[in-house]
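Quick one: the structure is below, and I'll ask about it shortly.
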Amino acid sequence: MASSGNEEKTTGGRQSIERVHLYLFLGAAVAIGFLLGYLASAFFPLVRPSLSTAPPASTAPAARLSPSEVDASLKAAHASLDAGDLQGAWDKYHQVLMTDSHHVEALTHLGNILMRGNQLDEAIRLYDRALGFDANYAHALFDKGQALKEKGDAKGAAETWKRFLALVPADSDDAKKVKGWLAELGRPGRVNGKDGGGRKD
């Protein structure tokens, strides 16, 4: 009888140890899964476009560009944007950012894509990110002012555009446009007025 009792204790002990090992294995698997998920997320864009006019976003990480390819990719991205291929433009600008995360031109144009989809808050965040890297990047100020105007933030738009005007020639086409918009903001009932004009690159 004593031998039988010892066997039961041994069997119970083995089962307890096996349960502990199983819990440790499952815990490690979950931790590794979270770690892999976190690392993978670093290769995806800061903001994914959800535009009705754009095709579904690709889930594959963008390939990094060599420095010599950055200018060519920017030109191709601008061409895609002008042609209305928003997803193609988005992917090309993001490839530039995979090489240089501080690239203010790519960040600003990603903001423009979001603004086209009326995602104004997300666009403004990208303009602010670009301006965080270069506070005097006039293009981002020009476009941020438009986004703020579309949101109905007349004060914010005016302040942003005044910063823009301090950086560009007073007789440039963009300066004349902005002065017209500032005058429009001063008129009652025209805070959120639409204007088809945009900054030309």
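What you are looking at is a predicted structure, and each value in this text was computed from that prediction instead of being measured.
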CA sep, side-chain torsions, deciding dist, call: T160, L148, side chain to side chain contact (heavy atoms under 4.5 Å, CB included): CA-CA 9 Å; T160 301; L148 290 168; 3.5 Å; yes
Co-membership, hydrophobic cluster, residues L86 and L97, 4.5 Å side-chain:
yes
Do any N or O atoms from the side chain of K179 and from the backbone of A170 form a donor-acceptor pair under 3.5 angstrom?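 Here the side-chain-to-backbone pair exists.
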OH of Y137 to CD of E105, rounded to nearest 0.5 Å, is 4.5 Å
Short side-chain to backbone donor-acceptor contact, R163 and A135, under 3.5 Å: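 Looks like yes, one N/O pair under 3.5 Å.
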Closest heavy-atom pair, L185 versus A158, reported as atoms and distance to 0.1 Å, is CD1-N, 4.1 Å
Review point. Is it true that F142 and M115 fall in one hydrophobic cluster, defined by side-chain heavy atoms closer than 4.5 Å?
Key: no
With side chain to side chain contact (heavy atoms under 4.5 Å, CB included) as the test, would you mind laying out the steps for Q146 and W181 before giving the verdict? CA-CA 9 Å; Q146 289 188 85; W181 291 337; 3.7 Å; yes
Closest heavy-atom pair, A89 versus S80, reported as atoms and distance to 0.1 Å, is N-CB, 3.7 Å
Side-chain heavy atoms under 4.5 angstrom apart, residues restricted to Ile, Leu, Val, Met, Phe, Trp, Tyr: same cluster for L126 and V96? yes
- [ ] In sequence, state the C-alpha distance, the side-chain angles, and the governing distance for L141 and L167, and then conclude on side chain to side chain contact (heavy atoms under 4.5 Å, CB included).
- [x] CA-CA 10 Å; L141 290 168; L167 297 170; 3.6 Å; yes
Please round to the nearest 0.5 Å and tell me the distance separating atom NE2 of H103 and atom CG of D134.
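Those atoms lie 11.5 Å apart.
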> Do the two ring centres, one from Y93 and one from H78, sit under 6.0 Å apart?
Replying inline: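 Yes, they do, as the ring centres are separated by less than 6.0 Å.
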key: Same apolar cluster (I L V M F W Y, side chains within < 4.5 Å links), L165/L131   =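 Per the 4.5 Å side-chain linkage, L165 and L131 are co-clustered.
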- Query: Are L120 and L81 co-members of a hydrophobic cluster defined by side-chain heavy atoms under 4.5 Å apart?
  - Reply: no
Parallel, tilted or perpendicular: ring planes of H139 versus H109, cut at 30 and 60 degrees:
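Aromatic pair H139/H109 classed perpendicular.
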Output for pair (L114 CG, D143 CG), nearest 0.5 Å, gives 12.0 Å
* Asked: Counting N and O atoms only, with roles assigned by atom type, does the side chain of S73 sit under 3.5 Å from a partner on the main chain of E69, one being a donor and the other an acceptor?
  -> no
Nearest heavy-atom contact between K144 and I124 is CE-CG2, 4.2 Å
When rounded to the nearest 0.5 Å, the distance separating CG of N112 from OH of Y127 is 3.5 Å
Rounded to the nearest 0.5 angstrom, the CD-CD1 distance for Q87 and I113 is 8.5 Å
(message) For a quick check under 3.5 Å, do D91 and Q95 share a side-chain donor-acceptor pair by atom type?
(response)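 There is no such pair between these side chains.
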